[in-house]
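Any value given below was found using the heavy atoms of this structure, including those in side chains, with hydrogens, waters and symmetry copies removed. Each chain gets a letter, A, B and so on, in the order the sequences are listed, and its residues count up from 1. If you're wondering where the values come from, they're calculated on a predicted model, not measured in any experiment.
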2 protein chains.
Amino acid sequence: MTTKTRKERNTALPLNTILDGDCIERMNALPEASIDLIFADPPYNLQLRGDLHRPDNSKVDAVDDAWDRFASFESYDQFTKAWLKAARRLLKPNGAIWVIGSYHNIFRVGAALQNEGYWILNDVVWRKSNPMPNFRGKRFTNAHETMIWASRDEGAKYTFNYEALKALNEGVQMRSDWVLPICTGHERLKDENGDKAHPTQKPESLLHRVLIGSTNPGDVVLDPFFGTGTTGAVAKMLGRDFIGIEREEAYRKVALKRLEKIRKYDKDALQVSTSKRAEPRVPFGQLIERGMLRPGEELFSMNKRHKAKIRADGTLIGDDVKGSIHKVGAELEGAPSCNGWTYWCFRRDGKTVPIDVLRQQIRAEMRDRPN
Amino acid sequence: MTTKTRKERNTALPLNTILDGDCIERMNALPEASIDLIFADPPYNLQLRGDLHRPDNSKVDAVDDAWDRFASFESYDQFTKAWLKAARRLLKPNGAIWVIGSYHNIFRVGAALQNEGYWILNDVVWRKSNPMPNFRGKRFTNAHETMIWASRDEGAKYTFNYEALKALNEGVQMRSDWVLPICTGHERLKDENGDKAHPTQKPESLLHRVLIGSTNPGDVVLDPFFGTGTTGAVAKMLGRDFIGIEREEAYRKVALKRLEKIRKYDKDALQVSTSKRAEPRVPFGQLIERGMLRPGEELFSMNKRHKAKIRADGTLIGDDVKGSIHKVGAELEGAPSCNGWTYWCFRRDGKTVPIDVLRQQIRAEMRDRPN
DNA sequence: TCTGTCCGTGAATCGACTA
DNA sequence: TTAGTCGATTCACGGACAG
């Protein structure tokens, strides 16, 4: 450890600038043990095949940029190992790193982090409130991305602002899954043509939580895959210093323009979506999955005129009708619609109980243990 | 592929039993390409601080922390690679695997899956509604575990019951983040002393969703780390066959007792919603042959912008375009493809009716009077 | 100014069958 | 093996525009 003060050390650093060129070379040229936090959003190596269309036949604007293409897993691994090694040299002994990725690359990144000597503190799941659906119905909606938070070394005294995060989370301890919307609307940067300036711009709310939680004011944050500069923008707002590295000139240009407009502590720009939620939706299927009702069990209508049997996928089957609790109720009553939750009952110990009671139980659980 | 029937193949398998001993040896003794789905919850604390032995079985002297760390990861990787390789040999060509883990091991498992030739379909986050809090306030509450779903090969026709999962989720397609409670209460198995029988018993709700989504009734499900048998229990309920492998006698005993009590749901209850893809194909020409539509009659596009005339052979002719209902629809819209069934309408009694209605009529007849 | 409707779009490893 | 054809498939928002 050097005996220089923070200020002296930092004067050797190109603070609050964007460096061009290759991130590994650039990192190797910076002084060791000088960075408090690294946030990295490396290429995901998506390996996309053909085009994809939405059901309305519009074409999905996929990530087909050259920077995301690697010849093989081996070459991706090599690249990952190299930049993680360079990054680790830059970290102060109590420094930490965040890396974000999807299932295409995150397992390789996580293994490389461990191999290089980083110590994983948490994996954090960014659950997207508005992800792109799976258009062909062939897989689960890809509704999350994974972030890995790791300290430089095992046993390091990393920064973790527990109380600040708890406050951000309405007084409850922050969990490893964060629900945040993707970057859209005015926040999404456009190029001269009005197209999105970067295919994978991250929302500021995500970086806000990362930086509040794992840095202090005055800390130096490095982003080796700077893109359009979300990390820099949020760092500047929050009074942290940043260093960006970005190879593509077009991205640097957009980022520079963006950063000029940012003011420190501009609270308005830091809106963290805390939209008051309505009563959470509870799918009927959860009552079956949770064993509150059994497949094969019979439900009875409130008026006792109809009955239907529960199937393993949470649909009902009655006389000649099958479908959701709402649809079957409506068809049996000859009504245009029906609230299945209040229409159907089940039997327990000789008593008839509305299924809505079970939904209330689940909601009560969710209230007791929010999030 | 063999020409044996499912029944013949399955008689070679120790169905619905728990095998003892080492899972890799046991897997190697089973016939190849015989398993539809594998669900695996591998241990991650395997000798994590243990000794590393050279190939000649001499012990490596752990000189420093870095080497010790490397040694433990190395041995875990070896173990992971070995069981994944054995598992892959057992899978049918269209078989698939689920592996569950936490940040301690899931990155190494995911990378090994990719290295062994599995093709990742999704990573799915089990988001625990009631996790254990982080008592020391040093990290985020560890509130999720990660599951990886992968097919044996790229391009395989894996099983995915899209409509059943959608039904389970109240009509909205299932996402990659599942909110389910951890295993507690009566479901949590106890040993003779009243202590929990297994440290990481998985909830049945989790397996219910996995098995409904990625198997069909009669499929064979293997769990090489059977534990107290949640996979077997849910498989039995859902009319799937299982094979369990478990090394610890205490767990096998608890699992056996548990499985005895399980009853399979009745047949109706196991029927789930299916997609239109599974419905029989109806050529458009049949509507003309059956006199439901007449040659010379005009069809109108959904958006009323186009029309075309029906020809006797079941093709359409519009302005400068002729061909199938799909081809003409696509060309008129300038779209890469078009589902003619939902695109075209005909007129009856002044009303506009989608031609798909006629197809539904034919399909209903086919169901009532097969062949 | 407000409300309702329509349209656009987001890190995506997104067919099956027959000739 | 390949080419052609059939035909299945989407959720949450934000912005623009019309009334």
Listed pairs, N/O of protein and of nucleotides 14-17 of chain D, under 3.5 Å:
from   : atom 1 : to     : atom 2 : distance (Å)
D:dG15 : OP1    : A:H186 : NE2    : 2.9

For this session: Hey, which sits more toward the 5' end of DNA chain D by its nearest nucleotide, B:K276 or A:N130?
Result: B:K276

From the list [options], which nucleotide is the closest neighbour of the side chain of [X]?
X	options	result
A:H104	C:dT13, C:dG10, D:dT9	C:dT13
A:T200	D:dT10, C:dT13, C:dA11	C:dA11
B:N339	D:dT9, D:dT10, C:dA12	D:dT9
A:K128	C:dA12, D:dG7, C:dA11	C:dA11

Euclidean distance, atom [atom1] of residue [X] to atom [atom2] of [N] [Å, nearest integer]:
X	N	atom1	atom2	value
A:F140	C:dA12	CZ	C1'	16 Å
A:N105	C:dA12	CG	C1'	14 Å
B:L287	D:dG7	CG	C1'	14 Å
A:R127	C:dG10	CZ	P	23 Å
A:Q201	C:dG10	CD	P	11 Å
A:I182	C:dA12	CD1	C1'	13 Å
A:K196	C:dT9	NZ	C1'	8 Å
A:Y76	C:dT13	OH	C1'	14 Å

For this session: Would you please name every residue forming a side-chain contact (heavy atoms from CB on, under 4.5 Å) with A:P336, sequence neighbours left out?
Result: none

Problem set entry | Interface residues of residues 316-333 of chain B with DNA chain D (non-hydrogen, below 4.0 angstrom) | B:S324, B:H326

Problem set entry | Within residues 56-69 of chain A, residues whose heavy atoms come under 4.0 Å of DNA chain D |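 Correct list: empty, so none.
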
Problem set entry | Side-chain (B:N122) to main-chain (A:F140) donor-acceptor, under 3.5 angstrom |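 Side chain of B:N122 to backbone of A:F140, a donor-acceptor pair under 3.5 Å: yes, one is there.
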
Exercise. Has the side chain of A:D191 got a donor or acceptor atom that lies under 3.5 Å from a matching backbone atom of A:G194?
Worked result: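 Answer holds: yes.
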
Problem set entry | Beyond-backbone contact of B:F160 with B:L165, side-chain heavy atoms, under 4.5 angstrom |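 When only atoms from C-beta onward are counted, B:L165 and B:F160 do touch, with a gap below 4.5 Å.
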
Exercise. Just the dot-bracket of DNA chain D, please: which string comes out with Watson-Crick or G-U pairs under 3.5 Å, [ ] for crossing, | for another strand?
Worked result: .|||||....|||||||||

Exercise. D:dA8 base to B:T342 side chain: any donor-acceptor pair below 3.5 Å?
Worked result: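 Under the 3.5 Å cut-off, the side chain and the base do not form any donor-acceptor pair.
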
Name the pairs: protein N/O against N/O of nucleotides 14-19 of chain C, kept only if under 3.5 Å.
from   : atom 1 : to     : atom 2 : distance (Å)
C:dC14 : O2     : A:N134 : OD1    : 2.9
C:dC14 : O2     : A:F135 : N      : 3.2
C:dC14 : O2     : A:R136 : N      : 2.5
C:dC14 : N3     : A:F135 : N      : 3.1

